[in-house]
Each structure stands twice: as structure tokens, then as C-alpha cells.
Amino acid sequence: MKPLWTIFRLVWRADRWTMTRGIALAVVVLVMGVALLGLSGWFIVGAGAAGLAGTGAIFDVFRPSAGVRFLALGRTAARYGERLLTHDATLKALAVLRARLLAGIARAPFDRMRQVRGAQVLNRLTADVDALDGVALRVVIPVVAAVLTLGLALVTLSWLVDPAVALWSVLSLAIGAGLALALAARRSARPSRLAQAMSQAFRVRLIDHLRGRSMLAFSGQLSESEAAVLAADTRNRKHTLEVARIERRAGALISASATMAAAGALLIGAEMARSGTLAPSLAALGFFATLALAETVAPLRRGVAEIGAMREAARRVTRMLDSPVEDGGGSYAGAEALADLALQDVTILRPGAAAPLLTSVTLSVAPGESLALVGRSGAGKSTLLNAIAGLEPVAAGTVLIGGTPLLKWSEHALRIRLGYLPQRSALVSGTIAQNLWLGQPEADAERMLECLNRVCLGDVVARLGGLEAQLGEGGRGLSGGEARRLTLARVLLRNPDILLLDEPTEGLDRDTANRVLDGIRQACPQAAILIAAHRAEERAWADQALALQ
């Protein structure tokens with residue numbers, strides 16, 4: 001239960017005052033409900049007894065009826081206020097939690113960020129945060145409100161009715177409902193976890209099916225993909241229905257406990273009324289108040305039915321919050337002179353690998369020069385670029401930027417001096433200008449158009465409608481080669497001292513590739529350029545080459 005408590009503390013700290021008022025109103029709702037039914041029962045029995053005794057003419061019906069109306073209206077208003085406050089505080093807290101998670105992911109080591117980029121992991125993260133709204137709304141707040149209300153009912157019924165009635169009513173209901181809820185929580189732990197997992201699997205399969213239906217239809221696999229989506233939906237509904245059945249059984253057991261508690265209160269009160277030690281109207285008050293006390297524990301059945309999913313989601317989220325993040329630790333701000341790039345006996349070891357991927361790599365690229373990394377696929381060209389960019393650790397050796405070790409550079413200064421085009425670069429939904437501003441927020445239209453022309457995209461952008469042309473998700477509206485060149489233009493826009501380029505001309509014909517390479521040098525004439533080359537055009541364009549074994 002520790003992860004659930006951790007999440008609730010985050011929710012509580014986000015807005016203590018609002019959450020406190022919400023809990024207070026939750027207690028008011030339950031107390032008014034108990035008082036409403038108890039007063040109604042006392043009023044009915046008291047009025048009937050007064051009529052039978054011939055004192056009905058002097059029986060005060062106005063104040064009890066006014067009390068009934070006040071409690072009914074007050075309970076409705078308190079319920080509205082409680083929902084408004086607790087939901088508002090919870091949603092604000094979850095918004096803060098999402099921001100913390102994204103900030104933690106942004107500071108995480110590169111290997112972990114590469115895993116989180118997957119659609120399935122991001123979908124799980126979203127679903128986990130959505131599941132956590134029940135921690136406060138359906139577990140902690142109802143439990144706190146129920147305990148406070150039952151304690152208040154025990155004291156009040158002991159004072160108004162009799163301690164024996166109060167003890168039986170509160171304890172029998174608390175024990176019976178507690179056992180029912182504990183049994184439901186135990187039985188629903190696994191199916192609720194599976195229901196959430198199947199829901200995420202269904203969502204991922206459905207999105208993949210919708211996005212890839214053209215390719216699936218072309219390859220003749222559309223029906224198989226549709227069957228997989230329906231099968232995921234079937235599994236999801238199976239576990240969801242199992243959770244619903246457990247919740248209904250818990251509700252039935254709670255109702256049975258409430259019935260037994262009310263029946264016992266009625267018998268005890270009736271016996272005391274028969275012996276003359278308790279007025280019939282007060283016995284009725286105890287009976288109806290006991291019936292109303294069932295409302296204090298009934299809302300908990302949904303929370304305990306989903307507690308397995310919430311606990312699993314809380315465990316994953318807190319693990320992500322508590323996990324260490326990588327801090328560059330550098331403080332060097334960088335000098336004004338152009339920076340060169342040098343590697344001295346660099347060794348790179350992949351996590352979990354027995355042998356190093358690269359050993360004793362030494363190279364030097366001065367401002368205005370270019371060097372091509374060549375070698376077979378998997379030789380480590382992309383990994384070496386990641387290490388130079390500070391995204392992967394170096395097992396041995398030194399990476400020097402402007403003569404200063406990489407680890408001594410501050411993150412801000414390093415990103416100003418260094419531009420990197422990895423194999424996979426992302427575009428966002430928005431205008432072409434907005435995608436370019438991600439690289440240089442201060443860039444004006446003239447500079448953006450200049451960089452677009454350098455990568456042979458000027459005519460394409462003009463045909464689409466200019467810098468304000470809208471792109472869909474992931475740069476939809478551009479071909480693969482055009483999207484690649486747009487991300488390259490975004491890197492060039494910053495005019496960095498050092499350019500790391502991983503297959504910048506991938507997907508381009510020979511003539512366009514040569515023009516793009518020339519445009520890179522024209523856009524950054526003094527940059528030290530290191531390029532992972534897979535094409536002859538890229539190798540021929542570079543001033544020198546280094547073969548990686």
C-alpha cells in the first residue's frame with residue numbers, strides 16, 4: 001500500500017486547503033444523510049405515537065419537517081461542493097504529476113528515454129496516471145469520511161438512543177462491511193490489473209490498426225489485424241466484467257451487513273421500548289440511522305474493486321518518480337572561439353555486453369573540416385555520435401569539445417555549440433515554422449527560408465503554402481525524404497560549431513543528396529562536421545574518413 005500512500009501525499013500536497021474542505025464536506029454529506037433518515041424515522045414514529053395517544057393536536061410538526069427539508073437540501077449542496085473541491089484538487093495534482101513525470105523522463109539517461117519513446121510505454125504512462133485519480137476519490141477520501149462518520153455516529157447514538165444500540169449498529173456494520181471490502185480487494189487484485197493491461201493492449205492494437213490499415217490492406221493482413229483488435233477487446237471485457245461481478249458481490253455483502261445491523265438495532269430498540277427504558281420514537285431513530293450508515297461504506301466497493309490496478313499503476317509511477325536521473329554535472333560555459341572536436345582513445349561499451357562495441361577511437365575535426373565515419377551496419381557509428389552528443393556514456397577515453405572534456409560542459413552551453421541529427425528525428429503537429437522554432441525559437445522567416453533552401457526544401461514549402469503550412473502528426477503531409485530534410489534544416493538553423501549528422505541524405509536521389517551536402521557546408525561554413533556515412537556521396541563529400549571496425 002506504500003505506493004498508493006505516496007500518490008495520495010502528492011495529491012494532498014498539491015492543494016491541502018481544497019482537499020481538506022472536500023473531506024470535511026464528504027463527512028458533512030454522510031452525517032446529513034444519517035441525520036436525515038434518523039430524523040425522518042423519529043418524526044414518523046413520534047407523530048404516529050402522538051396521534052394514538054390523543055396528543056397529536058399539540059405535537060410540533062413544523063420544526064422536524066423544517067429539519068428534514070434543511071438536511072435534504074444541505075446534503076445536496078454539500079455533495080455538490082464535495083465533488084467540486086475533491087475532483088478539482090485531484091485533477092490539479094495529476095496535472096502536476098504528469099509534469100513531474102515528463103520532467104523526470106526528459107532528464108533520464110538516453111537509453112531509458114529511448115525506451116520511453118515507444119507508443120506502448122507512453123500509452124501505459126497515460127493510462128497509469130488516469131487510473132490514479134481513484135486513489136484519492138474512491139479510496140482515501142471515502143475511508144477517512146466513513147471512519148469519521150462512524151465515530152461520530154457511535155457518540156451521537158450513544159447520547160440520543162442508547163450505548164447498546166450504538167455499539168451494535170456501528171461495530172456490526174463496520175466489521176461486516178470491512179470483511180466484505182477486504183475480500184473484494186483480495187479477489188479483484190489480479191483481474192483489475194489484467195483489465196487495465198488489456199485495456200492498454202486494446203488501445204495500442206486499435207491505434208496500430210487504424211494507422212496502418214492501408215499497408216495492412218495492401219499486404220492482405222487487414223482481416224488478421226482486425227481480428228487481433230477484436231480479440232484484445234474481448235480479453236479486456238472479460239476481465240472488466242469479472243471486476244464488475246466482484247464489485248456487485250461486495251455491494252451485496254455490504255447490504256447484507258447493513259440489513260443485519262439495522263435488524264439488530266431494531267430488535268434491541270424494540271425490546272428496550274417494550275420494557276419502557278427507551279421511547280419508541282428514539283428506537284425508530286436508532287433503526288433508521290443504522291440503515292443510513294450503510295451509505296458510509298457503500299462507495300468504497302468500487303475503490304477496492306479497482307485497487308489492484310491502482311496499486312500497480314502507483315508502483316510504476318512512483319518508481320519513475322524515485323528513479324535517479326542523469327545530471328551532466330558540468331559547469332563550463334564555453335569560450336567565444338569556434339570549438340573543434342577531438343576523441344582520445346574512446347571506448348564504448350553497450351549495457352550488458354561482454355565485449356566493447358568500439359575501442360581506442362581517436363579522431364580530430366577542426367572548424368571548417370568534415371570527417372566521415374564509415375563501416376558496416378552495426379559497427380557503432382550511430383552509438384559513437386550518441387556518445388559525442390552526451391547521450392550515452394563513454395567507458396574509457398576522453399571526448400573534447402573545444403579542448404574541454406565533454407563532462408565539464410554545462411548542458412546549456414553544450415547544446416548551443418553542438419547540433420545533432422540522429423537517425424530518427426521527430427516532427428510535431430503544427431506549422432512548418434513551429435517545427436523549425438524547436439531548433440531556434442528566435443529565428444525569423446528569412447533565416448528559416450534560407451535553411452530550407454540549403455536542404456532543397458524551398459520549393460516544397462512554397463508549394464504547401466509557406467512557413468504557415470500545417471503538418472499533421474509526425475510531420476504528415478511530407479514525404480519521408482522531405483521530413484528528413486526539414487529536421488536537418490532545424491539543426492542548421494542553430495548554426496552550431498559542431499555538427500553530428502547520422503545519414504543526412506537517407507532516401508534522397510544522388511543529385512539532391514549532393515546539393516543537400518553542399519547546402520550543409522554553405523549554411524555552417526566554419527562548423528566541424530562529423531557524419532555517419534552510408535552512401536558514397538557522403539564519403540566523397542567529406543574531407544577525410546575513419547573506418548570503424
Side-chain angles (χ1 to χ4, degrees), residues 98 102 105 110-131 191-243 309 312-313 316 377-378 382 421-432 434-435 438 457 460-461 463-465 469-488 490 502-509 512-513 532 534-535:
R98 288 188 180 93
L102 292 176
I105 292 172
F110 179 71
D111 283 344
R112 184 174 175 191
M113 289 183 67
R114 187 163 47 190
Q115 297 172 1
V116 172
R117 285 181 63 189
Q120 188 171 3
V121 177
L122 290 177
N123 177 63
R124 169 174 287 182
L125 180 64
T126 302
D128 284 345
V129 175
D130 290 341
S192 63
R193 290 198 306 268
L194 291 175
Q196 187 188 36
M198 293 302 104
S199 175
Q200 296 172 16
F202 166 70
R203 188 182 305 177
V204 170
R205 287 184 180 274
L206 179 61
I207 292 173
D208 290 343
H209 174 77
L210 295 176
R211 284 182 172 176
R213 59 186 181 275
S214 299
M215 184 61 68
L216 292 169
F218 180 77
S219 61
Q221 297 180 357
L222 186 62
S223 58
E224 288 83 353
S225 177
E226 182 178 349
V229 172
L230 294 176
D233 180 52
T234 300
R235 292 191 294 270
N236 177 30
R237 287 188 288 111
K238 173 186 174 183
H239 295 295
T240 302
L241 289 174
E242 178 63 21
V243 173
E312 191 68 19
R316 284 193 291 263
S377 180
S382 298
L421 179 74
Q423 280 188 342
R424 295 181 180 180
S425 299
L427 295 174
V428 299
S429 177
T431 65
I432 292 175
Q434 288 170 339
N435 276 276
L438 293 175
L457 267 185
V460 174
V461 171
R463 187 175 67 250
L464 292 174
Q470 289 284 336
L471 300 179
E473 183 182 357
R476 191 170 60 251
L478 297 175
S479 68
E482 291 168 350
R484 180 70 169 166
R485 280 180 282 162
L486 180 57
T487 59
L488 175 58
R490 186 169 62 195
D502 198 342
E503 303 180 48
T505 64
E506 179 188 10
L508 303 182
D509 61 77
T512 304
H534 283 243
R535 301 181 54 168

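With Ser192 contributing its side chain and Ala309 its backbone, the two residues share a donor-acceptor pair below 3.5 Å. Looking at Ser199, its side chain never comes within 3.5 Å of a backbone N or O of Ala195 through a donor-acceptor pair. A distance-only check finds no donor-acceptor pair linking the side chain of Ser225 to the backbone of Gln221 [under 3.5 Å]. Put simply, the side chain of Arg235 never gets that close to the backbone of Ala201: no donor and acceptor are under 3.5 Å apart.
Put simply, the side chain of Thr505 does not reach to within 4.5 Å of the side chain of His534, judged on heavy atoms. Residues Asp128 and Gln196 form a side-chain contact, since some pair of their non-hydrogen atoms from C-beta on lies under 4.5 Å apart. Counting only heavy atoms from C-beta outward, the side chains of Glu503 and Arg484 approach each other to under 4.5 Å. Side-chain contact check for Asp130 versus Arg98: some heavy-atom pair is nearer than 4.5 Å. Looking only at side-chain heavy atoms (C-beta outward), Arg237 and Asp233 come within less than 4.5 Å of each other.
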- Message: Does Glu242 form a salt bridge (charged side-chain N to carboxylate O under 4.0 Å, His left out) with Lys238? I'd like the steps, not just the answer.
- Response: CA-CA 6 Å; Glu242 178 63 21; Lys238 173 186 174 183; over 6 Å; no

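Smallest separation of non-hydrogen atoms from Ser382 and Gln423: OG-NE2, 3.2 Å. Residues Arg490 and Asn435 approach most closely at CD-O, 2.8 Å, considering heavy atoms.
Residues satisfying the side-chain contact (heavy atoms from CB on, under 4.5 Å) criterion with Leu210, sequence neighbours excluded, are Leu206, Arg213. Residues satisfying the side-chain contact (heavy atoms from CB on, under 4.5 Å) criterion with Ala532, sequence neighbours excluded, are Lys381, Leu385, Asp502.
To the nearest 0.5 Å, atom CZ of residue Arg485 and atom CG of residue Leu478 are 9.5 Å apart. Put simply, CG on Leu457 and CG on Leu488 are 9.0 Å apart, with the number rounded to the nearest 0.5 Å. The structure places CZ of Phe202 at 10.0 Å from CD1 of Ile207, a figure rounded to the nearest 0.5 Å. Taking CD of Gln200 as the reference point, atom CG of Asn236 lies at 10.0 Å (rounded to 0.5 Å). Atoms CE and CZ, on Met198 and Arg205 in that order, are 9.0 Å from each other to the nearest 0.5 Å. Rounding to the nearest 0.5 Å places OG1 of Thr487 at 12.0 Å from CD of Glu482.
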